[in-house]
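This report refers to the structure that appears directly beneath it.
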Amino acid sequence: MSDEFNLQEELLSLSDPSLYHIPSELDISSLRSSSIDESLSSAIESIVNDPESLIHSQPATFDVFRSILKHADSPNITGTLLTKLLDVILSGLNNHSNAVMAMVGGQGFSTGEVDMDAPLVHKQPLEMWAFLLQWFVTAAERGAGRSSDEPKTTAAGGGGKGKKKTTASKNSRSTSFVWFDHLPMVLATMTKTLRVPTSRIWRTTSERETFLSCFVKPAYQLAETEQYLKSNEIKLGIYKVICIAVKFHGHAFGAQTSVIQNLTYFEHLSEPMAELLAILEKEFDFIQLGEEVLRDVAGKTFAHNDAKGPRSFSKFLVRLAELSPRVVQKQMPLLLAHLDSEAHPMRMAIVEIIGILIRDISSSDEGDEEQKTKQIKRFFELLMERFLDLNSWVRCKVLTTLIKLCDLPAKFPKQRHQITELTIRTLEDKTSSARRYAIQLLCKLLETHPFGALHGGTLNLQEWQDRYDKVAEELAKVDAQELEKAKRDVGMEDDEEEESVEDEGDGRKDEEEEDEEEETVEGDEGGSTPQPKKAKISLRDRKPRQSQLDISGIQSEQTSLDPNLITKLRLTKKYYGDALRFINQIESAIPTLCQLLVSTTKTEVLEAMRFFRVAYEYDIASADQGIKTMLHLIWTKDNNANAGEDGMDGKGIRGSLIECYRSLYFDVVPDLAPKQQVNRIAKNMIERTYGATLAELTSLEELIRTMMMDGGVHNDVINKLWQVYSTEQEIPKPQRQGAIIILGMLALAKREVVTERVESLLKIGLGPLGMHDLVLARYTCIALQRLGGSAKKVKGSLSDKTMRLPMDNPIFVKLQEIIEHSPRSPHWFSMAEQAINTIYLLGEQPDALCSGIIKNLTAKVFDKPSGSDGSPSVEAEDGDAEQAEEEGKDSEKADGDASLEQDEKKDQTGSFRLAQLVFVVGHVSIKHIVYLELVEREFKRRKDENAKQKAAAKSAEKDSNDLDAVAGNAEDDIGDLISGIREKELLFGDKSLLAVYGPMIAHICASPKRYRNPSLRQAAALSLTKLMCVSAQFCESHLLLLFKILETSRDPVVRSNIVIALGDIAVCFGSMIDDNSERLYQGLADPDLVVKKNTLMVLTHLILNGMIKVKGQLGEMAKCLEDPDQRISDLAKLFFTELSTKDNALYNNLQDVISHLSIGKHAVDEETFERTMRFIFTFIEKDKQAEALVEKLCQRFRLATDERQWRDISFCLSLLPFKSERSMKKLIEGLPFYQDKLHEETVFKRFTEILAKARANKAANKPETELKEFEAILAEHQAKGLEDQALEADVLRKTKAAKRRAAKRPTPSTKTAQGKKKAVQEDDDDDDDVGGNVEEDEEDEEEDVAPVRPVRGRKAPVPTKKAAPPPARKGRRKVVVQSGSEEDDDVDDF
């Protein structure tokens, strides 16, 4: 049998096990398991007794083993049999490999005493056992020995052969064969067997490789199963088998091929193959294989649409670079070719590898420093280039790589500035993920900045600027001293100059020593303290010049010129300069980051919030701007608060904001006493109100309310705020104001905050302090409003949970007192507004109190002597007088109902007191409407309660239904009654107090010439608008007056208030504003930005809520898209974005917008038109809309006569998507409308773009034939148009030339009158051909006229005199001849 076994042939035969021939094959299928077990046991016994029996035994033992393996899938082959078989195979291999190693390792073998061919005895047994082992691995991988109830587990990379047993039930575990458990022992045996010196046993390469394949092939086969690689023991076993084969048995080339194949076909093997090469390099000192594999990878190319291959190779390269950076670094010149690869995963891999190599080089102590610096510089340059990569994933990888590099001990100062600059630019990247990583990198750059060595980590711009200026000043002094010293050394100064220098040096001695001391303390390395002393000693030894010098002055000067100190100063200056540059870069990024705070992407917002938190901690000056902007995020609705993967601890935006503010301002700080903690938190709360806008205060109110509801504000802090508010000491006004603002905010969540301190509010805010600080009084009124509770009314609910107080409460006395007796101040109006709000919110009968206030103010106004406060006309300024005169011409006529007696009396009153009265009347009227609604609701509530009681008393369903109907009618009656009071009684009733003031306010508004005071006119206009919201009749009678004031007033405050009021009037009486909406749009052209913004906001609200109809004025809104003011532009974009969601609202008005912006007096320039249309057309997404627009735009060409219109229409067409076949068909059908316009260059370019867009469409039904025809038609008509244009120009030129020749040709005087008439008609026809579009110069005109006039027998007229009128029959000829002239006198005569 020994002569028959050939390993190579046996392996080839094994390619199909079912056809494999075994001479003494057991009939496994007919034998029972016990019989098979007996045969196997006898074979094993013979092997144990004589290891050589595998070769020599006649009842072939080898055939028993092969028979079992051939039928391993048979149910007769149990797990016990396979375990026995595996044990004997492994024992046989171990036995023979040990024998060979003992033989080779013996002393006699090395000295030559033992025969060198002795190991050949074990050649065939080793081959046979290796053959059996490979066959066993193959059978086990197919699932041999698995019981029927075991779950099948298919490995990811098994290719159909990777079925294995990983777990088994307790019942079947004893009988099944668990291949996974035996793998470590199998791999260990393979490793041990491969330790034998194969070159001494197998002399030929083919034999040796065949033997090796019995081990490495199973190893690669096992590696294909991903589950095995999750076991570290199995994975290392596989690695060792392959590594030993490569290192000792020449398997390098085969391994190289296998590694590349595994990377190509098995994605899960990318990182294991890298680990294999790393182990080969580190443990076996064999780097050649890794280098060869890297060369192969460097030479591969990948298509842009290949997903699997690049991903696998990129993982392999990155993992190998992490494990063996030096190996990868050697091959980097070749691998860098993948930076230009079409597959972005490969570019990402190279970027990440560059980062790994920079980290390795910078942390390594080996090698030349200069060379390492050059390498790092080159690698950073490559990273910077990738900031501009077309793929966003690559750009993100660059950013994440740099984030990791920032954590290194080396700071790379030369590259940090460029990194920061490019990162700030990436903040405007079009991809959200790139922007997010850019913010993370900026945070990391801040956290790891290298400027904390001298002065700590803060980066306040002003502090660093001061330090820089100080050092620069010191260096300037040193430079001046060096210059003077150089002059003295070369003898360029006279004695007087030297003396002055000595005096200066003397006086500067102390200052220089102090600066030197400071710089020594703040320096980074070593002190320069002893060096000045040495310098002084050496200076004393020097001989003085011939001139008289002060020795001490020279010594101090030389001390300050110490080289080490100068070098240190220069380095410090550079250090400060770098720090300033970095700080300025961060400051420049703040505006962009503020915009990202309102991004629609949650992760961006969270990262931007984190940046501002970090920037605040590092004392960046502009961080406060971001912290304030961040405050508005409190209104964000977090639907997925816990879904933030990269957010702050998984919180949503709102939760993260509260956490951020709490950590910055409201959390306790270590190492502070409790009292100091309370003081700090209260101080921070108050400071949030300093300089805050109304929007910021509103958002802060919501934040404080939320924190209070969550129990985040301690009672000690509230008490401290009350202490600040109530203190008798002199404190800054904003501090006391801030305290009451915060207390009012806290009271929103907890009413008890103010209910227990009402006396303090009345004593401070409405007492003497409030009387002299009306801002304090205003916020005190707001705090008092919290007494009524802050429960929001549920829509449709009749319940009212607000608390109301009797009118004799001290609160109302104080409120009335401060309204009536507070000093004159512009803050009075806002204070009075809140005081009246408080009265109407808390009072049981607020109308009674307000009536008294109005009467008292009226008495003050009209009973006051005229000389004490001055009449309105006296208070007017010169500029206002001129303005009032212009406005008065038209406005005074608008209302002629005011009586002359009232006019005479009002002229004697004080303007400010009158303004106060007018303001209170207007605000009381608007609050009284709200109060009437509350009264109506209270009536309905009582009716509802009575109805329920009666319904409960009656059980009959019919009666109940009848009662409901009666209750409903009663509610309607109440509503009608209240509406009647509002419409007819408030402003027109005989007993109504407000009715007295309506005509007066209208008269003040209509008489700007008489009432010139700005405050009075502002208050009157505001009150008029409030009164107009009360009654439709009053509104209708004064609406034209209001519009007239809007048009003529020069005061932007008046115009702005009127615009806002018109929005409210539209809500109350929509039809009136709808009829005059075009006047409202005029505000969009207002020169004042505030008026313009308010107009835009009002129109946005009215249009989007359907309160007014759009009647072709949408073009004015579209103009705002390109407004220079960013806020107006953003508001316009928001409007069109929201309008696009309202069915077809935008589509229906698009034609009007195009007309409005393209032609007429409202037209804009072409660039603005294109930018505007490009934005608006992004909302045309429906195919049907696009198809209809194609047809409509093509028809517009028919009536378009101007080339500008052609270009605009063609541009709009080019913006449409042309996704559907019908769009292109409609464009082709509309060819007759625009074919004669294609000769215009821009028009033709736009249609070419449309054609390219249609071809780029990937739709299956793309009309290729029609597109080709359309392209040919375009080219044809363009050529035809150009030809017609050239022909027209040629005709024009020839006609002109013919005229000139005719003018120069002499005409005989004997021609008849008929001939003269004919000549003139021909000339007239020539003019018609030209079309009247070409103007002839004066010289040609004179030539035309000269030959005609002699024919008529007259002399030419003198140029200075007017020609005599000709007879009627010759009039036409006269006119025709003179038509080219610039004089129109003759034409006028006829």
*Would you list the pairs meeting salt bridge (Lys or Arg N to Asp or Glu O under 4.0 Å) in which at least one residue belongs to residues 729-740, sequence neighbours left out?*
none
*If a pair satisfies salt bridge (Lys or Arg N to Asp or Glu O under 4.0 Å) and one of its residues is in residues 675-695, list it, with sequence neighbours excluded.*
Lys683-Glu687
*Single hit among Ile1060, Ile1128, Leu1131 for side chain to side chain contact (heavy atoms under 4.5 Å, CB included) with Met1097*: Leu1131
*Taking only residues two or more places apart in sequence or in another chain, which ones pass side chain to side chain contact (heavy atoms under 4.5 Å, CB included) with Ala410?*
Ser362, Phe412
*Side-chain (Gln676) to main-chain (Ala673) donor-acceptor, under 3.5 angstrom*: yes
_Summary of ring-ring contact (aromatic ring centres under 6.0 Å, His included) pairs that have at least one residue in residues 717-762, sequence neighbours excluded_ = Trp722-Tyr725
Determine all donor-acceptor pairs shorter than 3.5 Å in which one atom belongs to a side chain in residues 1133-1141; sequence neighbours excluded.
residue	atom	partner	partner atom	Å
Thr1137	OG1	Lys1133	O	2.6
Ser1140	OG	Thr1137	O	2.5
Thr1141	OG1	Glu1138	O	2.5

*Do Asn719 and Gln723 have a side chain donor and acceptor closer than 3.5 Å?*
no
Name every donor-acceptor pair, under 3.5 Å, that has one atom in a side chain of residues 830-839 and the other anywhere in the protein, sequence neighbours excluded.
residue	atom	partner	partner atom	Å
Ser830	OG	His827	O	3.1
Gln834	OE1	Gln785	NE2	2.9
Asn837	OD1	His923	NE2	2.8
Asn837	ND2	Glu833	O	3.4
Thr838	OG1	Cys781	O	3.1
Thr838	OG1	Gln785	NE2	3.2
Thr838	OG1	Gln834	O	2.7

*Less than 4.0 Å between a side-chain N and a carboxylate O, is that true for Lys1092 and Asp1123?*
yes
_So does Leu769 get a backbone contact from the side chain of Asp773, meaning a donor-acceptor N/O pair under 3.5 Å?_
no
*Say whether, by atom type as modelled, one donor and one acceptor occur between the side chain of Arg395 and the main chain of Ala434 under 3.5 angstrom.*
no
*Is the closest side-chain heavy-atom distance between Met708 and Val753 below 4.5 Å?*
yes
_Exam field: side chain His1101 to backbone Gly1063, donor-acceptor pair closer than 3.5 Å_ = no
*asked:* Using side chain to side chain contact (heavy atoms under 4.5 Å, CB included), reason through Ser363 and Leu408 one step at a time and then give a plain yes or no.
replied: CA-CA 8 Å; Ser363 60; Leu408 296 178; over 6 Å; no
_Pair listing, ring-ring contact (aromatic ring centres under 6.0 Å, His included) test, anchored in residues 663-685, at least two apart_ = Tyr616-Tyr665, Tyr661-Tyr665
_Inter-residue atom distance Leu787.CG - Leu841.CG, 0.5 Å rounding_ = 9.0 Å
*Assign the ring pair Trp464 / Tyr576 to parallel, tilted or perpendicular, where the plane angle (0 to 90°) is split at 30° and 60°.*
perpendicular
*For Ser1056 and Asn1094, does a side-chain donor sit closer than 3.5 Å to a side-chain acceptor?*
yes
*Lys628: what forms a side chain to side chain contact (heavy atoms under 4.5 Å, CB included) with it, not counting sequence neighbours?*
Glu696
*Indicate the atoms forming the closest heavy-atom contact of Gly738 with Thr689, along with that distance.*
CA-OG1, 3.3 Å
*Which residue pairs pass the ring-ring contact (aromatic ring centres under 6.0 Å, His included) test with at least one member in residues 756-789, sequence neighbours excluded?*
none
_Residue pair Thr592 / Arg425, side-chain donor-acceptor N/O under 3.5 Å_ = no
*Sub-3.5 Å donor-acceptor pair from the side chain of Thr431 to the main-chain atoms of Ser433, do we have one?*
no
_Would Ile590 and Phe612 count as a side chain to side chain contact (heavy atoms under 4.5 Å, CB included) here? Give the steps._
CA-CA 9 Å; Ile590 298 293; Phe612 282 114; 3.8 Å; yes
_Met745 vs Leu697 side-chain heavy atoms within contact, under 4.5 Å_ = yes
*Exercise: do Glu352 and Thr401 side chains pair donor with acceptor under 3.5 Å*: no
*asked:* Please report the interatomic distance CD(Glu607) to CD(Gln440), rounded to the nearest 0.5 Å.
replied: 4.0 Å
*asked:* Considering only residues two or more places apart or on different chains, which pairs with a residue in residues 700-716 satisfy salt bridge (Lys or Arg N to Asp or Glu O under 4.0 Å)?
replied: Arg654-Glu702, Glu701-Arg786, Glu702-Arg705
*Distance from Ile686 atom CD1 to Ile742 atom CD1, nearest 0.5 Å?*
7.5 Å
*Within a reach of under 6.0 Å around NZ of Lys763, are more than 12 heavy atoms found that belong to other residues, nucleotides or ligands?*
no
*Report yes or no: do Ser663 and Arg613 form a side-chain donor-acceptor pair below 3.5 Å?*
yes
*asked:* Restricting to non-hydrogen atoms, name the atom on Tyr575 and the atom on Gly452 that form the minimum distance, rounded to 0.1 Å.
replied: OH-N, 3.7 Å
*Indicate yes or no: does Arg435 engage Glu604 in a salt bridge with an N to O separation below 4.0 Å.*
yes
_Of all pairs that satisfy ring-ring contact (aromatic ring centres under 6.0 Å, His included), the ones with a partner from residues 729-768, not counting sequence neighbours_ = none
_Donor-acceptor check, side chain of Ser699 to backbone of Ala695, threshold 3.5 angstrom: yes or no?_
yes
*Hey, what do you get for CD1 (Ile583) to NE2 (His449), rounding to the nearest 0.5 Å?*
8.0 Å
_Side-chain (Ser1129) to main-chain (Asp1125) donor-acceptor, under 3.5 angstrom_ = no
*Distance-only, no hydrogens or angles: does the Thr601 side chain make a donor-acceptor pair with backbone N or O of Thr603 under 3.5 Å?*
no
*Give a yes or no answer on whether the side chain of Thr727 reaches the backbone of Val724 with a donor-acceptor pair at less than 3.5 Å.*
no
*Quick one: which residue pairs count as a salt bridge (Lys or Arg N to Asp or Glu O under 4.0 Å) with a foot in residues 453-464, not counting sequence neighbours?*
Glu463-Arg467
*Below 4.0 angstrom, N of the basic side chain to O of the carboxylate: do Lys927 and Glu933 qualify?*
no
*Mind checking the CD1-CZ spacing from Ile419 to Phe582? Nearest 0.5 Å is all I need.*
10.5 Å
*From Thr426 OG1 over to Glu421 CD, what is the distance, rounded to the nearest 0.5 angstrom?*
10.5 Å
